[in-house]
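So you know, we letter chains A, B, ... as the sequences are listed, proteins then strands, and number each from 1. For the numbers below, each heavy atom of this structure counts, side chains included, while hydrogens, waters and symmetry mates do not.
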Amino acid sequence: MKYDYRSIEKKWQEKWEDAGIFHASDDTTKKKFYALVEFPYPSGAGMHVGHVKAYSGLEVISRKRRMQGYNVLFPLGFDAFGLPTENYAIKTGIHPRKVTDMNIAKFTSQMKRVGFSFDWTRTVDTTDENYYKWTQWIFLKMFENGLVFRDKTLVNYCPSCKVVLSNEDSQGGKCDICHSDIVQKSKDVWYLRITEYADKLLEGLEKVDYLPNVKLQQVNWIGKSRGAFVDFSVKGADEKLTIYTTRPDTLFGVTFMVMAPEHPMLDKYKDKITNFDKVEEYRDICAKKTEFERTNLVKDKTGVKIEGLAGINPVSGKEIPIYISDYVMMGYGTGAIMAVPAHDERDYDFAKKFGIDIIEVIKGGNIEEGAYTGDGEMVNSEFLNGYDNKKDSIDRMIEFLTEKGVGKAGVQYKMKDWAFNRQRYWGEPIPIVHCPKCGMVPLPYEELPLRLPKIDNFEPGEGGESPLAKIDEFVNCKCPHCGGDAKRETDTMPQWAGSSWYFLRYIDPTNTDTFADPDKLKYWLPVDWYNGGMEHVTRHLIYSRFWHRFLYDIGAVPTEEPYAKRTAQGLILGPDGEKMSKSKGNVVDPNDVVDEYGADVLRVYILFMGDYGAAAPWSENGVKGCKRFLERVAALTDMIAPGSETPEVNSLLHKTIKKVTSDIEEMKFNTAIAAMMTLVNKIYEKGSITKDELTAFVKILCPFAPHLCEEMWATLGGKGFASLAEWPAYDEAKTVDSEIEIAVQICGKLKATVKIPAGADAPSAIAAAKACDKVAEALAGKSIVKEIYVPGRIVNIVAK
RNA sequence: GCGGGUGUGGCGGAAUUGGCAGACGCGCAAGAUUUAGGAUCUUGUGUUCAUUCGUGCAGGUUCAAGUCCUGUCACCCGCACCA
């Protein structure tokens with residue numbers, strides 16, 4: 001058979017679609033497999049090779065599971081709300097709805113050309129009102145359960161996109177969308193109380209099978225720390241200043257305190273602060289600092305001493321100065337710290353600069369030279385002297401503080417509450433009404449969806465307000481509670497809202513009564529295997545686990561965790577080894593590859609490039625190599641010779657089936673393909689293959705190169721579709737050779753190889769080794785010290 | 001600074017988890033075929049004439065180390081004044 005991919009691929013794609021062979025059924029009597037890939041944002045650029053790699057892994061696994069008799073749910077939808085579409089609309093005047101529909105249509109047809117076995121009847125679009133109705137519904141449920149709040153605080157703001165960003169969306173001080181520098185701005189914004197779920201998100205990780213580094217990144221992002229809250233009396237104020245510390249045992253070493261410049265106590269006691277003008281001056285300087293200055297001038301501490309207020313050390317009773325400095329953040333702990341310069345580098349730098357006392361309380365370092373952050377015995381600490389700070393000093397101090405009522409054990413998280421809004425048009429409207437009498441009133445559930453109004457001008461307001469604010473018909477409404485005049489919330493939800501629950505909607509995408517039928521949820525959940533990019537680990541993956549866990553807590557979903565297993569694919573780099581980007585001009589368009597080489601070649605090459613989880617550069621020659629392989633495969637139909645079975649080919653076939661079967665499950669696609677290449681080489685070497693052998697080979701290649709395999713299947717007279725054929729079993733007996741070749745070493749150096757029967761015992765294997773000329777030669781005149789035989793592998797003779 | 005990862009031919013990468021390093025593919029070379037180019041097929045291809053030497057570098061454990069241990073260098077990723 002000649003490999004004519006152009007005629008083959010379209011034909012089989014149509015046949016698959018007509019027969020609907022990739023549709024998941026809700027037949028709960030069958031064993032299920034729910035495979036999930038991160039749904040794409042339908043950008044105007046269309047499909048990228050990165051998409052193909054991201055989907056190809058579970059594509060192969062899903063196809064294999066289907067052949068193994070599983071009821072497979074492998075869907076794809078579109079995460080279509082977001083700024084790029086809106087910005088495009090601003091530029092061109094084309095409505096985001098229209099742009100989105102066009103892009104989805106383009107993506108879908110491109111994806112179908114690759115032959116992915118997605119169940120297209122279950123596709124979802126987050127911008128569809130029948131979808132975002134339920135996004136809004138979940139938001140209202142969260143509101144009802146006290147997980148939504150509004151707060152005026154300093155927020156991450158992108159001046160270029162003119163939106164407020166969550167902590168997750170502004171990592172490294174850069175906007176996740178446009179990479180501009182983030183500024184801190186005081187704004188009234190919506191928050192989701194994700195911190196309330198910090199412990200549940202942490203504990204949930206213990207029950208799931210995620211890549212270790214995925215787990216670790218989430219653990220670090222949540223950033224749980226144990227320590228204590230300690231109350232310091234403040235001379236000049238009638239309230240205590242509470243600090244958080246992970247090292248309460250160093251309290252006797254505290255020589256000053258530091259508040260964040262934004263600490264509320266400052267304004268409260270500004271009459272008592274005799275140098276408040278200096279405080280305000282310092283605040284201005286801090287506000288103007290860029291992220292770069294803040295992070296790169298770490299050693300150079302700045303600050304202002306607060307005159308008129310002083311702290312009292314609760315264990316020693318000593319009076320200590322209070323400073324403000326921007327090395328203390330309002331967003332972590334209590335926004336104030338106790339400073340122990342002898343044992344904290346930052347406090348040390350500050351104390352040195354401001355001439356503050358340094359008291360050693362842990363033995364082991366030299367405080368003349370720098371802070372000692374290691375372990376040791378407590379000193380200068382009254383009742384704590386002699387305790388070991390690694391073992392029991394912290395517990396002892398917490399016990400003491402608790403007894404005296406000036407402190408208690410506590411935990412803190414680095415993760416912050418989720419700033420949950422964007423001041424833009426193309427997002428889910430937040431279903432809340434602001435009533436002058438009743439305050440924030442949620443829309444009744446039966447009024448969902450709250451539809452986005454049709455507008456023409458998508459420009460955000462200069463003051464950073466949503467374009468929706470300009471639409472009077474949308475804004476002005478009646479309060480659902482009292483019926484009086486009220487105004488609608490005009491912010492929309494952030495990009496991550498729709499993607500936080502989409503995997504639930506695939507299960508029942510057209511349900512109008514609920515987001516998904518409970519029985520169907522019970523059958524399909526959890527997602528058995530979720531694959532996606534590492535870049536989503538501290539964003540989408542943590543958000544969606546939070547939403548899912550909340551839904552579990554209110555009884556809406558049957559599992560605590562949404563995803564049983566999580567893996568990640570590596571990047572495809574440009575041919576130059578650099579990350580693909582338009583500006584570098586090293587982008588490979590998968591559509592061109594399909595045109596020139598065919599979809600099967602694209603699929604096989606992407607999985608053959610290297611370790612699925614690692615980054616690998618694109619190579620046009622590598623693509624050609626895969627094309628050559630598939631051409632050689634196609635030609636196998638001409639090499640069928642009845643009764644020509646050779647033990648070599650037959651044995652290797654069984655070995656290959658075994659290896660491909662297990663390699664696919666471990667996502668070791670590159671070695672699975674290599675094994676099949678080896679088999680094909682062997683068949684060519686022997687010159688013939690039987691029809692049954694070829695049929696089995698076609699089945700194991702089918703998940704990788706389904707179009708070619710369907711064609712060969714038909715040529716071989718197979719019934720129905722190769723894609724639905726039964727996955728071949730292998731005969732274990734045929735995967736072991738009767739005669740094996742083992743290596744013979746003398747003193748660990750390889751001298752020869754000998755063939756011995758597979759079941760040979762140690763004495764006979766060693767005897768066979770010694771019988772070999774080269775070995776006998778090497779052993780001549782020496783006395784044997786030790787003989788080792790590792791069954792099936794090696795004989796090592798130690799001789800002097 | 002902290003956390004994680006990776007270093008193997010000319011290149012992408014294998015190595016049953018301590019047991020013949022370099023599977024498979026690319027590239028390259030020679031030959032065959034072809035009017036020619038391209039394509040295809042065959043053979044070879046870490047290094048050395050060879051005994052040798054070879055998995056970033058230096059040690060160590062072991063009969064045996066790419067794999068384990070100690071130290072070190074380089075690069076990549078994540079977080080970052082988190083108290």
Side-chain angles (χ1 to χ4, degrees), chain A residues 171-173 212-214 216-217 219-221 223-225 227 243-248 250 257-258 260 291 294-301 325-329 331-340 343-347 349-350 373 412-416 534-535 537-538 570-571 573 577 604-605 608-611 613-626 628-629 631-632 635 659 662 668 670-681 684-685 741-753 785-799:
Chain A
Q171 296 181 28
N213 56 337
V214 170
L216 195 72
Q217 263 195 49
V219 167
N220 290 343
W221 186 256
K224 184 174 185 169
S225 85
I243 60 91
Y244 174 74
T245 177
T246 53
R247 297 296 299 279
T250 59
M257 300 180 80
V258 187
E291 190 69 26
R294 272 187 81 111
T295 55
N296 286 277
L297 301 174
V298 166
K299 276 278 172 188
D300 189 25
K301 296 284 182 287
S325 173
D326 63 354
Y327 86 88
V328 174
M329 312 288 133
Y332 183 78
T334 62
I337 62 157
M338 63 178 218
V340 187
H343 305 291
D344 181 284
E345 280 168 28
R346 295 151 300 170
D347 297 348
D349 294 341
F350 193 90
T373 54
Q412 277 296 301
Y413 303 93
K414 284 186 199 171
M415 185 169 68
K416 300 199 172 95
M534 284 305 293
E535 69 275 19
V537 168
T538 53
L571 286 178
L573 305 172
V604 169
Y605 174 64
F608 184 61
M609 288 172 83
D611 182 345
W618 185 268
S619 155
E620 177 94 15
N621 280 328
V623 178
K624 285 180 185 162
C626 291
R628 224 168 277 158
F629 168 59
E631 280 166 349
R632 278 160 70 83
K659 181 158 180 62
S662 61
K668 289 163 76 175
N670 53 338
T671 50
I673 292 166
M676 291 189 280
M677 288 173 166
T678 307
L679 175 64
V680 170
N681 291 345
Y684 271 77
E685 183 194 317
E741 196 182 60
I742 58 162
V744 182
Q745 295 180 337
I746 309 290
C747 295
K749 300 275 184 207
L750 182 71
K751 292 292 173 195
T753 58
V785 179
K786 199 171 179 183
E787 294 169 330
I788 296 143
Y789 174 58
V790 181
R793 306 235 181 277
I794 204 161
V795 167
N796 191 10
I797 299 168
V798 187

- Message: I'd like the C1' distance from B/G56 over to B/G66, given in whole Å.
- Response: 12 Å
- Given B/G78, B/C20, B/C53, which nucleotide is nearest the side-chain atoms of A/K749? B/C53
- Closest to side chain of A/Y244, choosing from B/A14, B/C20, B/A83: B/A83
- Item | Rounded C1' spacing from B/G78 to B/C57 in Å | 27 Å
- Item | Secondary structure string for RNA chain B (Watson-Crick or G-U under 3.5 angstrom, | for other-strand pairs) | (((((((..(((......[....)))((((((.......))))))(......)..(((((..]....))))))))))))....
- Message: Looking at A/N670, I'd like to know whether one of its side-chain N or O atoms comes within less than 4.0 Å of OP1 or OP2 on B/A14.
- Response: yes
- Note on the structure: Closest to the 5' end of RNA chain B, once A/T753 and A/T671 are matched to their nearest nucleotides, is A/T671
I'd like a table of atom pairs between the protein and nucleotides 60-63 of chain B - only N or O on both sides, under 3.5 Å - with the distance next to each one.
{"from": "B/C63", "atom 1": "O2'", "to": "A/N796", "atom 2": "ND2", "distance (Å)": "3.2"}
{"from": "B/C63", "atom 1": "O2", "to": "A/N796", "atom 2": "ND2", "distance (Å)": "2.5"}

Under 3.5 Å, which N/O atoms of the protein pair with N/O atoms of nucleotides 7-12 of chain B?
{"from": "B/G12", "atom 1": "O2'", "to": "A/M609", "atom 2": "O", "distance (Å)": "2.8"}

- Message: Taking the P atom in each of B/A14 and B/C24, what is the distance between them to the nearest angstrom?
- Response: 14 Å
- Does A/F608 have any ring pair (Phe, Tyr, Trp, His ring centres under 6.0 Å) partners at least two apart in sequence or in another chain, and if so, which? none
- Query: Could you state the CG-P distance from A/D326 to B/C82, rounded to the nearest angstrom?
  - Reply: 13 Å
- Contacts of A/W221 meeting ring pair (Phe, Tyr, Trp, His ring centres under 6.0 Å) (sequence neighbours excluded), chain-then-number -> none
- Query: When the C1' atoms of B/U48 and B/A36 are considered, how many whole Å apart are they?
  - Reply: 41 Å
- note: A/I742, atom CD1; B/A64, atom C1'; distance rounded to Å ~ 14 Å
Each nucleotide N or O in nucleotides 40-43 of chain B that has a protein N or O under 3.5 Å away: list the pair and distance.
{"from": "B/U40", "atom 1": "OP1", "to": "A/R628", "atom 2": "NE", "distance (Å)": "3.0"}
{"from": "B/C41", "atom 1": "OP1", "to": "A/R632", "atom 2": "NH1", "distance (Å)": "3.2"}

- Query: CZ of A/R793 versus C1' of B/C20: gap in Å, rounded?
  - Reply: 11 Å
